[in-house]
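None of the values given here were measured: they were computed from a predicted structure. When reading the values below, keep in mind they use all heavy atoms of this one structure, side chains included, and skip hydrogens, waters and symmetry mates. We name chains A, B, ... by the order of the sequence lines, and we start the count at 1 in each one.
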Amino acid sequence: MFNKPYNPKEVEDGIYELWEKSGFFNPDNLPISKTKNLKPKTFSIIMPPPNANGSLHFGHALFIALEDLMIRYQRMRGKKTLWLPGADHAGFETQVVFDKKLEKEGRNRFQISRDELYREMMEFTLSNKKVMENQLRKLGASCDWSREKFTLDPDIISKTQDTFIDLHKKGLVYRGERLVNWCIKHQTSLSDIETDSVEKKDSLYYIKYGPLTVATVRPETIFGDTAVAVNPKDKRYKNLIGKEIEVDVVIGKLKLKVIADDFVDPKFGTGAVKVTPAHDPNDFEIWQRHKNEIEGPREVINQFGKMSVKAKEFEGLKISEARKLIVEKLKEKGLIEKIDESYNHAVAVCYKCQNILEPRLLPQWFVKIEPLAKPAIQAVKSGKIKFVPKRFEKVFFHWMKNIRDWNISRQIIWGIRIPAWFCECGEIIVQKEKPKKCAKCSGNKIKQDPDVFDTWFSSGQWPYLALGYPNSKDYKTFYPTDVMETGWDILFFWVARMIMLGIYRTGKIPFRYVYLHGLVRDKDRQKMSKSKGNVIDPLGVAGIYGADAVRMSLITSAAAGNDPVISEDKIRGYRNFATKIWNISRFVLMNYDSKFEKIKPKFTKEDRKNLKNLKTIHKKITKDIENFKFHIAAHNIYHYIWHTFADKILENSKPRLRSENIIERATAFKVNFEILFVSLKLLHPFMPFITEEIYQNLPIKNKKLLMIEKW
RNA sequence: GGGCGUUUAGCUCAGUGGUAGAGCGUUUCGUUGACAUCGAAAAGGUCGGAGGUCCGAUCCCUCCAACGCCCACCA
């Protein structure tokens, strides 16, 4: 008989060890019934590799609960089941975390040599990775540790570079000088989706430009102007189109051509726009359309967000200071016509530090995305890949259809180095090893591109790389994987890229189902964040109430795609449920008598009804799990165990359990035992620890592990 | 400017074309061998609003409102 009350702390670690030692996390060790000539059915999930730069939070606990549920269910169904764990170096994210750490120590990364910084960050990451792995164990993740991968494993690095080289060969990767999102704080460019847009109130200055007036929020960029644009249909400026006008820009005079472009909205401002191709994405595109008419980008703001040498007397000033000063000078000269002080517009900011991003003209590597997007859209359209819930397919299509080329260069050191080399002569060579000499100029002054890949470029290849593409047995056995389970917030960052790169590289879809979970919120529906102080540590509460209670409360809290709401109250509620099951089991077993073994039960009508009902519940739960309705399955098993089994069936069995007649006693016991046994199986994927612990105490023959009992 | 989601009991959320559900909270009773981390019972909802389809709508359709989110190059 087991102790009272149930104490998860005393049980969970031991159970995990029992599982891990059994070897059954590894699909190769599973007792798969092999029918002749038939390949065993497989089921595989590649774990979204957590960023190895901190501890696990509730979002991680959620994916663990959901994925482990699917994995345990499929394993019990008898499939050759693989859950492949991993960890992500998380390039820019980790760089940001590490920058903060350095800042606390009074250091900064720009003073540390590349090699030294990389070494320190690797050490930091590997130690976080170890912590994370143990946390995954604490939460009961039944993943195959023997296959664990890290995004900076040598083979992953090498194969990620192969993909880049291959894309380059096929013309799908190019090096282009384009305006990119530049973060002044982090000193790197970012992709379009690594930006947030915030509403900002600014002044809109109306500045006299020779014969006309332009409206701008950025007077400090006037030195970089190369044209003035108007709408071709705008009658006001018809006579000026094609002419050159002379503009006083404080530090001198500029001759600017007036050009006609449809982009210009005649109704906005004065209908005339100053064109600054080096510092505005729209202006850059205007220039692209008028390349042979006007001068190209002239950079007047540098990488630190300060005025460059081209701003002459304003050189070195911060943007805001320069703006103020320039406006003053313009005012003195009578060139400011008016100022609209409450102009609201959206500006792009760094999604990490919220600093305004400076558009900068930089040579970067871009992935030509359209040829990759088309087959990805097709895969979802045709139903080869299905989204759960389905509504995200629409979101996916919308984004994929409007997608722009992907900047994959990052000016940080933490990541996979881009395999490209620059010769003094300007030649660019794409290959892994350093070229001995340049094919063009025969020179040997060749340097490697200092940049690394956007971290999503490697994680976008995760399903097939983690499985050992292209030649491994695992890749052949488990690819395409069955389910990709992750948060909808990284639909574009990750899921879309995995589909695109997966199809490109392997010719196959990377997964059949995309299950998207929501964002975990606190009891006031607030996002959990450190600054709000409302973060609940999943490991902390798991330590108090048990990992089972944490997992169950996460699963019951939301349907796919919805945000689960978590509170300690709720977790406590499921801890009570664990206690209930514990006591149910104690009660069932306390009425056990070894003499029952030989007795043939005589079932009553009620017994038969209850056993039949059990089958119905079994079927319903199976169906709901198959249909990804985990929260419904969880509610049902909860309700059945507590309010049908305990409240009714067990209560009603009490008189018979105390009967003088051993057949009556044995029958009552056997019915209760059968229901308990099936309930434990049904509950196992949801609450694996306590169910396994009880199973280990059951008086049954050929006991193995509940984990591999037949569903 | 497009698009999406949510709106059901005091709170947080499930759910269904045919007498409304759970957890927590509240109230009452119960501690005689599974369980007080509990049991029994109770109160509490015109299922956001207005139309429509239907024998019948909380559920399907249309419109509206509130809240939340995503996407978008008007200086």
*Write down the distance separating the P atoms in rU58(B) and rU7(B), rounded off to the nearest Å.*
15 Å
*Quantified in whole Å, what is the P atom distance between nucleotide rG45(B) and nucleotide rG10(B)?*
7 Å
*Look at the rings of W642(A) and Y638(A) and say which category their plane angle falls in: under 30° parallel, 30 to 60° tilted, over 60° perpendicular.*
tilted
*How about F268(A) and Y343(A): are their ring centres within less than 6.0 Å of each other?*
yes
*Modelled atom types, side-chain donor and acceptor of W406(A) and D454(A), under 3.5 Å*: yes
*Report yes or no: is there a donor-acceptor pair, N or O only, under 3.5 Å between the side chain of K654(A) and the base of rA34(B)?*
yes
_I want to verify a distance call: between rU37(B), rG39(B), rA14(B), whose nearest atom is closest to the W642(A) side chain?_
rG39(B)
*Return yes if the base of rC4(B) and the side-chain atoms of K394(A) contain a donor-acceptor N/O pair under 3.5 Å, otherwise no.*
no
*What nucleotide, of rG15(B), rG39(B), rA75(B), holds the atom closest to the side chain of D647(A)?*
rG39(B)
*Nearest of rU37(B), rC69(B), rC74(B) to any side-chain atom of D265(A)?*
rC74(B)
*Hunt down any stem RNA chain B takes part in, defined as 3 or more consecutive Watson-Crick or G-U pairs whose two distances are each under 3.5 Å.*
B:1-7 with B:65-71, B:10-13 with B:21-24, B:26-30 with B:38-42, B:48-52 with B:60-64
*Just how far, in rounded Å, is P of rU32(B) from CD of E651(A)?*
15 Å
*Can you find a side-chain donor-acceptor pair between Y574(A) and T556(A) that sits under 3.5 Å?*
yes
*Would you say the side-chain atoms of T622(A) and K620(A) include a donor-acceptor pair closer than 3.5 Å?*
no
*asked:* What is the separation between atom NE2 on H631(A) and atom P on rG21(B), rounded to the nearest whole Å?
replied: 18 Å
*Residue pair N181(A) / S191(A), side-chain donor-acceptor N/O under 3.5 Å*: no
_Closest to the K580(A) side chain, choosing from rC71(B), rU12(B), rC35(B)_ = rC35(B)
